[in-house]
Amino acid sequence: MFLVPDRHSLRRLGHDLALILPGLALTLLAIVVLLPLAAVSAALAIVWIGVLLFPLTLALASVYAQLDRARLRRWGVEVNPPSYRPRGRGPRGLLRLVTDPRRWLDLAFEALIALPVRALTVGVTVAWAVLALAGLSYWLWGRTLPPGGTPVPGQWSLALVLGLALALSFPAMVRALALLDAVVSVPLLGGAVPGSRRRGSPAPPTVLTVDARLREGAWTWMTVAFISFVLVVVSWPVTAGLYSVHPAVAMLVSIASALAGVLAVRWPWAGLSLSIVGAMATILATASAPDTLPWPWPVTALLAHCLTLTVLAVFHRWFWAVSAWSGGALLTLISLLITEPAIRADDSLRAVTTNGVVLVAISGGVVLLGLTVRQWLLISSQVEQAQSLGADQMRRRYELEERSRIARELHDVVAHSMSVITVQAGTAKFRLSGLDAQTEQEFEDIAASSRQALGEMRSLLATLRTDDDLDDMPMPGLADVTDLVETSRATGASISADLEPVEVPPTVGLTAYRVVQEALSNALRHAHGAAIAVSVSSTPERTLQVNVSNVAPESEHDPIPGSGLGLSGIHERVSALGGSVQAGPSPDGGYAISAQIPIAHPLPR
């Protein structure tokens with residue numbers, strides 16, 4: 001609940017205060033340094049001294065921005081590292097500083113935007129704390145107040161309840177103010193890293209590999225907000241002075257009309273609604289204006305309406321801008337219809353009609369221009385995406401060509417050795433005399449194994465190089481596991497096999513064959529002389545169960561080294577089909593590999 005802080009909110013209170021309270025001091029220090037430097041640089045630019053001070057101003061602004069980024073990271077939001085242009089040396093290096101938009105955005109944020117936000121957060125925080133303490137301690141200092149006035153019944157208890165409510169809600173209010181500071185600061189300082197946290201505890205240090213780019217959204221918000229601020233500053237006194245409108249009413253209608261453009265950047269429906277309401281309020285408030293002044297659309301109201309139309313046309317779909325333009329035209333038509341001819345002279349009616357025509361014409365041109373700019377931006381974005389896609393495809397093509405070249409070289413190196421082994425094993429009985437039948441059979445088995453490995457390697461190379469249908473290429477399957485076990489027995493290993501004939505898709509059969517092949521290879525290398533058990537069966541859940549295990553070897557021996565990638569390959573193959581693999585030592589000191597491969601659905605859903 002809002003008024004019942006828990007331990008977590010109390011724990012993060014200090015962390016939120018560490019974000020809010022130093023922010024104002026840092027901003028004041030930045031303004032004291034940056035604004036005089038910027039003013040002196042602009043004033044002395046004609047004598048070239050200002051040209052040297054401008055890079056210094058921008059560099060200092062970036063230093064203060066880095067301090068703000070460090071504050072946000074300690075609070076828990078990981079901010080993208082700034083993407084500054086390389087400086088270089090000499091005059092060209094100074095020119096790069098001046099032409100870096102990221103540094104200008106840092107200067108604008110530190111010198112203009114940060115002060116009102118942090119003055120608000122610090123002011124509300126301090127005022128909230130002071131009022132809470134004052135309410136809780138009213139029984140102590142209230143006695144020192146001079147007598148006078150009408151006493152409020154139960155004022156002591158009322159102040160205590162008010163102070164207690166403020167004290168209990170203080171952590172939640174500080175949290176909201178810290179979020180406000182972060183929401184305003186993070187986009188203008190580079191944006192948050194995807195997946196970064198907003199928590200009360202500090203984020204652990206991480207190595208950032210995000211290629212940060214300057215967000216155009218920050219410049220968009222700043223530009224629209226600045227224009228809206230200028231419109232309010234100009235429209236308020238003009239509406240109040242020239243049109244004889246009450247200053248409070250003039251302030252409200254001016255802020256509403258200008259604020260519509262700011263809201264339209266993110267929320268088109270809010271900007272459209274507030275623009276129409278503000279325009280209607282302005283027309284009603286200035287209805288009693290002299291005949292010599294523009295009505296129903298004062299110049300400031302016309303400019304604010306055009307600002308909203310521009311934002312809607314550039315950043316949103318066309319119907320938002322057309323709807324806003326239609327709303328303005330409808331308000332103009334209604335103003336002409338309700339104008340009493342007896343009140344206004346003919347010249348006045350002509351002026352009202354002219355004002356309406358000007359509004360419709362200018363706002364229509366603004367809409368067309370904004371839609372043109374939007375279409376140009378979309379086309380530019382599509383061209384950039386097409387170029388990026390083409391570069392990515394070219395990179396992938398080069399990678400595939402390099403992989404194919406490596407595969408060919410691997411084939412040339414390994415195939416020669418395998419061919420020599422095949423020839424030597426196949427001709428051993430003719431070249432060597434005195435071989436018994438068992439030895440000749442051993443050489444025949446070696447020759448058969450090498451021929452099979454050579455054929456599989458050539459099939460794999462053809463898979464990498466061919467563009468034809470791969471279904472016709474010979475691939476081992478579940479039925480070939482029997483031959484694989486027999487070939488492994490020829491090495492002298494004791495292998496028991498329990499192979500259930502199961503109808504499986506080719507991909508499942510190939511995966512099961514590779515699992516048994518890798519498991520037998522590991523057992524023969526690392527557990528020489530140990531008994532091996534192989535079993536292949538199906539389960540009622542339509543899953544192929546493959547188990548290969550070996551007992552502990554009877555004698556110690558040095559294992560034959562391997563690449564260490566076999567088990568990773570098994571995991572990748574089985575996981576690609578939606579299955580799972582368990583591999584590890586068994587209780588009897590041996591090793592076991594168990595794989596579950598779905599049969600019904602070869603590919604994971």
Side-chain angles (χ1 to χ4, degrees), residues 1-32 67-68 70-77 109-110 112-186 188 197-203 229 232 246-249 251-252 255-256 259 262-263:
M1 294 178 62
F2 182 74
L3 291 179
V4 182
D6 54 4
R7 289 184 298 175
H8 180 66
S9 61
L10 293 176
R11 192 182 307 116
R12 73 190 182 195
L13 175 61
H15 207 64
D16 294 336
L17 290 175
L19 174 71
I20 294 176
L21 297 181
L24 182 60
L26 180 63
T27 301
L28 292 176
L29 180 61
I31 290 177
V32 169
L67 294 177
D68 280 325
R71 290 174 51 249
L72 291 169
R73 292 189 183 103
R74 286 195 299 269
W75 185 68
V77 176
F109 174 74
E110 297 294 340
L112 300 176
I113 300 175
L115 179 60
V117 175
R118 290 169 184 171
L120 173 65
T121 56
V122 173
V124 172
T125 301
V126 174
W128 205 277
V130 170
L131 290 176
L133 292 176
L136 294 175
S137 60
Y138 179 76
W139 60 274
L140 179 63
W141 60 269
R143 302 173 183 177
T144 62
L145 295 176
T150 304
V152 179
Q155 59 183 1
W156 178 86
S157 59
L158 180 62
L160 182 61
V161 171
L162 180 61
L164 184 61
L166 292 176
L168 291 176
S169 61
F170 183 69
M173 179 55 63
V174 173
R175 182 64 174 177
L177 294 173
L179 287 174
L180 174 63
D181 192 339
V183 167
V184 175
S185 303
V186 168
L188 298 177
R197 308 179 304 169
R198 284 187 181 178
R199 300 178 182 174
S201 58
F229 176 76
V232 172
H246 191 278
V249 177
M251 179 189 68
L252 292 177
I255 292 178
L259 185 60
V262 179
L263 295 179

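Note that this is a predicted model, so its numbers are computed, not measured.
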Worksheet item: Heavy-atom distance under 4.5 Å between the side chains of Phe170 and Leu13, does that happen here?
Response: yes
Practice prompt. Compare all side-chain heavy atoms of Leu112 with those of Ile31 and state whether any distance is below 4.5 angstrom.
Written response: no
Practice prompt. Under the side-chain contact (heavy atoms from CB on, under 4.5 Å) rule, collect the residues that match up with Val262, sequence neighbours excluded.
Written response: Trp221, Val224, Ser228, Leu259
Measure across [X] and [Y] and return the closest heavy-atom pair with its distance rounded to 0.1 Å.
| X | Y | answer |
| --- | --- | --- |
| Arg175 | Trp75 | NH1-CZ2, 3.3 Å |
| Phe109 | Leu188 | CD1-CD1, 3.5 Å |
| Ala132 | Ala167 | CB-N, 3.7 Å |
| Leu72 | Ser185 | CD1-CB, 4.1 Å |

Rounded distance (nearest 0.5 Å) linking atom [atom1] of [X] with atom [atom2] of [Y]:
| X | Y | atom1 | atom2 | result |
| --- | --- | --- | --- | --- |
| Leu131 | Leu136 | CG | CG | 11.0 Å |
| Leu29 | Glu110 | CG | CD | 10.0 Å |
| Arg12 | Leu19 | CZ | CG | 13.0 Å |

Fill in: Test log, rule side-chain contact (heavy atoms from CB on, under 4.5 Å), inputs Leu115 and Leu28
CA-CA 7 Å; Leu115 179 60; Leu28 292 176; 3.8 Å; yes
Worksheet item: Do any pairs count as a salt bridge (charged side-chain N to carboxylate O under 4.0 Å, His left out) and have a residue in residues 117-130, sequence neighbours left out, and if so which ones?
Response: Asp68-Arg118, Arg118-Asp181
Practice prompt. Return yes if some donor-acceptor pair links the side-chain N/O of Ser169 with the main-chain N/O of Leu166 below 3.5 Å, else return no.
Written response: yes
